[in-house]
**Student:** 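Got a structure for you, written out below as structure tokens; questions coming shortly.
All heavy atoms count here, side chains included; hydrogens, waters and symmetry mates do not. These numbers come from a predicted model, not from an experiment.
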Amino acid sequence: MNIFEYHLKEIHNLILIKKDFLKLDKIENLGKINLEVPPEQFNFDLSCNIAMVLGTSNKLAPKKLAEKIRELFLDQIKNFSNVEIAGPGFLNIKLSKSALIENINSILKNNENYGSNKTNDTYNIEFVSANPTGPMHVGHCRGAIYGDVLGNLLTFNGNKVIKEYYINDYGSQIKNFVESVYFRILEIKFKKPFPKKNNLYPGLYIKDIAVKILNENKSLNFEDFEKNFEYLKNKSLEASMQLIKKDLKLLGINHDNFFSESEIVNKDLVNKTVEVLKKKKYVEKGYLQPPKGEKDDNWKKVERLIFKSTLFGDDTDRALQKNDGSWTYFANDIAYHMDKVNRGYQNLVNVLGADHTGYIKRITAAVSAISEKKIKLNCKVCQLVKLFKDGKPFKMSKRAGDFISAQELLNEVDKDSIRFIMLNRSNDVEIDFDFDKVKEKTKDNPIFYVQYAYARINSLLRTLNTSFVEKIELDEIDFNLNEMEEKIIRKVFEWPKIIESATKKFDLHKIPFYLYELSTLFHAYWSRGNEDKRYKFIENEQIKRKEILAIINLVAIVIKNGMGILDVSLPKKM
RNA sequence: GCGCUCUUAGCUCAGCUGGAUAGAGCAUCGGUUUUCUAAACCGAGGGUCGGAGGUUCGAAUCCUCCAGAGCGCGCCA
């Protein structure tokens, strides 16, 4: 429990006991009462809106009520050493020295767990799931890193997390892909020109795969595509999954489970799933309306099995069968999600690219239907990564083959920088990724700033010839913080709140933003010694005050925990 | 036509379960180094929070409408 939670609970209890003293008729909206970090200029530790919340529901002037609550706080809560009323009725609170010391030591003791909000759920996070038709591109990297770090964050909070990759190794795209490999083989072996059909993948990596297959099997007669299809498919898929796994590894991402679409088909899971849904009357035979968007020449009015996703909030019902009666991608995907539900996770999360936004309603509907609304599928969308090269926008397309691959990016920029940059923005907004700019290894990169703060702390510890400190004997009488130290301590105290809010809505960008702010405070604290020698931390290889030792250890703990969640390295020396 | 996301300083973005004088970085201008790491720090200027209504004691934040940008809108995957 952090200081905000702890004291909020204390305040709740106090209000209930002292209801009459405060002349309150109604105690409602307790959930609206918050303990927050006050704006910096106020120089207080905590800020509470209680007088405004209770004032509204009891028709009392917030400021007058605040005055009474202030008395109560000072009288009854021993950790509060000063309380002042500000603005429309906020109560700004200073913590007592003993409370500060106690909290400092509790953080040092918690160490690598500091900030964790203990919950105990199970999560399945599906992410990347790039088609196995070639290497990953820059856009995939964003979702990959987001999913990976989301998993880390949930694990940090004590949950059990499975990171899963769904391999779409079935269907017409795969056929196009294998055909592309086939034509490249013909090109290499028989000098037949690669056809200019727009369903083929023109990327050069296809040639590499073709060469690999040729080298592995020199005797095979490749002249008949249909005859060799299964062999070519297996080899090609294997090759492209190898490419993808290699990219993932270079980005520092490890999935726990790779689940293949063809497994769904082979095990006939779709029929089983559809039978279940039929019994519940969520799947029925019927006709669909023509699509509302662009005209589709292939559209035919044929009776087929339909999932009634409108029952679960979708805009229209969805086809499970194609014209020829075979299953749609969606049908397979429902079966896959059925499997996930059956595996017993309490929470399902899908991380998707922006181009799959339109898919969310139907798959969420499907999970509701499968689980009788017991399991909610949470879909998070990562917006586009817009590439700029030579000052011009750079379009990515797997088919065109002119995308920038993860590999090319990794050749220029290290994995830590890519991870940090991809996360240093809300998933809801596009990222302008200036290829040339990111290539420059300059101080512009915020990751260096955080790493540098950590390196500076380690430099101090080296000078002091000490390592991490687990307990500091701070004497309440001597204990004194200057204004800068108070700011840092408050920032450190805020860490569990950051984790809490980042977890709540999966807002991962809050972590790098926070780490940057904390580093700013630390660099300022450090630099004071440059301006004025009295503020140097060390004298004759001894720390000047115990408070300094406490602060550098606290900052180190938080940076380490934060960067640990991001899985970005922290050099001790730079 | 419909759905999702976005619109905040010159640029890139935080802030959104309603609260205090709307914050950072970059860029611009001006300072700091015989050092515990200057890859750093300090200071200055810079705003009609896309527009219009509404709810409220109080709106960048919630609701409605409008405008602009992006992504989607198969029986592709």
**Student:** Is the backbone of A:Lys322 close enough, under 3.5 Å, to the side chain of A:Ser326 for a donor and an acceptor to pair up by distance?
**Tutor:**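 Not a single qualifying donor-acceptor pair exists.
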
**Student:** B:G53 and B:C26: how far apart are their C1' atoms, nearest whole angstrom?
**Tutor:**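 Between the two C1' atoms, the distance is 37 Å.
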
**Student:** For A:Trp526 and B:A40, do the ring centres fall under 5.5 Å apart while the planes stay under 30° apart?
**Tutor:**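 No, aromatic ring not over the base.
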
**Student:** Please measure how far the C1' atom in B:A60 lies from the corresponding atom in B:G18, and state the result in whole Å.
**Tutor:**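 Going atom to atom, C1' in each nucleotide, I get 11 Å.
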
**Student:** Taking the same atom, P, in B:A67 and in B:U12, what whole-Å distance lies between them?
**Tutor:**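 Rounded to whole Å, the distance is 24 Å.
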
**Student:** Rounding to an integer number of angstrom, what distance separates B:U64 and B:C4 when you compare their P atoms?
**Tutor:**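 Nearest-Å result for B:U64 against B:C4 at atom P: 11 Å.
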
**Student:** What distance, rounded to whole Å, do you find between the two P atoms, one in B:G15 and one in B:G50?
**Tutor:**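 My reading of the P atoms in B:G15 and B:G50 gives 14 Å.
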
**Student:** Report the nucleotide, chosen from B:C6, B:A40, B:A20, that has the shortest atom-to-atom distance to any side-chain atom of A:Tyr452.
**Tutor:**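 Closest of the options to the side chain of A:Tyr452: B:A40.
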
**Student:** Should B:C71 form a Watson-Crick or G-U wobble pair with both distances under 3.5 Å, which nucleotide is its partner?
**Tutor:**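 The base-pairing partner of B:C71, which may sit in any strand shown, is B:G3.
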
**Student:** Just compare B:C13, B:C42, B:A77 and give me whichever is closest to any side-chain atom of A:Tyr359.
**Tutor:**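 Selected nucleotide (nearest to the side chain): B:A77.
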
**Student:** For B:C36, give the paired nucleotide (Watson-Crick: N1-N3 plus N6-O4 or O6-N4; G-U: N1-O2 and O6-N3; both under 3.5 Å), or none.
**Tutor:**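 Base partner found: none.
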
**Student:** Check whether any side-chain N or O of A:His356 sits under 4.0 Å from OP1 or OP2 of B:A77, and answer yes or no.
**Tutor:**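 No, no such contact exists.
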
**Student:** Compute whether any side-chain donor of one residue and acceptor of the other, for A:Asn131 and A:Thr133, lie under 3.5 angstrom apart.
**Tutor:**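 Looking only at side-chain atoms, A:Thr133 and A:Asn131 do not form any donor-acceptor pair under 3.5 Å.
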
**Student:** Donor-acceptor pair under 3.5 Å: do we get one between A:Thr328's side chain and the base of B:A77?
**Tutor:**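 No pair found.
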
**Student:** Using the C1' atom on both, measure B:G46 against B:C57 and round to a whole Å.
**Tutor:**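 Each nucleotide's C1' atom is 33 Å from the other's.
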
**Student:** Suppose you measure atom C1' in B:G43 against the same atom in B:C6; what distance do you get, rounded to whole Å?
**Tutor:**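 Per the computed distance, 35 Å lies between those C1' atoms.
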
**Student:** For B:C36, take OP1 and OP2 only and decide whether either is under 4.0 Å from a side-chain N or O of A:Lys573.
**Tutor:**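 No, because none of the side-chain N or O atoms of A:Lys573 sits under 4.0 Å from OP1 or OP2 of B:C36.
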
**Student:** Please figure out whether A:Arg425 or A:Leu320 has its closest RNA chain B nucleotide nearer the 5' end.
**Tutor:**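 Result: A:Arg425.
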
**Student:** Return yes when atom CD of A:Glu541 has more than 12 non-hydrogen atoms of other residues, nucleotides or ligands closer than 6.0 Å, and no otherwise.
**Tutor:**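 Counting other residues, nucleotides and ligands, CD of A:Glu541 stays at 12 neighbours or fewer.
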
**Student:** Given the C1' atoms of B:G23 and B:C49, what is the spacing between them in whole Å?
**Tutor:**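 B:G23 and B:C49 have their C1' atoms separated by 12 Å.
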
**Student:** Measuring from the side chain of A:Phe90 (C-beta onward, heavy atoms only), which nucleotide among B:U17, B:A20, B:C71 has the closest atom?
**Tutor:**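 Out of B:U17, B:A20, B:C71, the nucleotide with an atom closest to A:Phe90's side chain is B:A20.
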
**Student:** Tell me which one of A:Gln289, A:Arg362, A:Glu284, A:Lys308 satisfies side-chain contact (heavy atoms from CB on, under 4.5 Å) with A:Asp317.
**Tutor:**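 Option passing the side-chain contact (heavy atoms from CB on, under 4.5 Å) with A:Asp317: A:Lys308.
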
**Student:** Taking the side chain as C-beta and beyond, is there a heavy-atom pair between A:Phe537 and A:Trp526 under 4.5 Å?
**Tutor:**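 Answer yes - side chains close enough.
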
**Student:** Return the nearest nucleotide to the side chain of A:Gln41; candidates are B:C41, B:C76, B:U21.
**Tutor:**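 Selected nucleotide: B:U21.
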
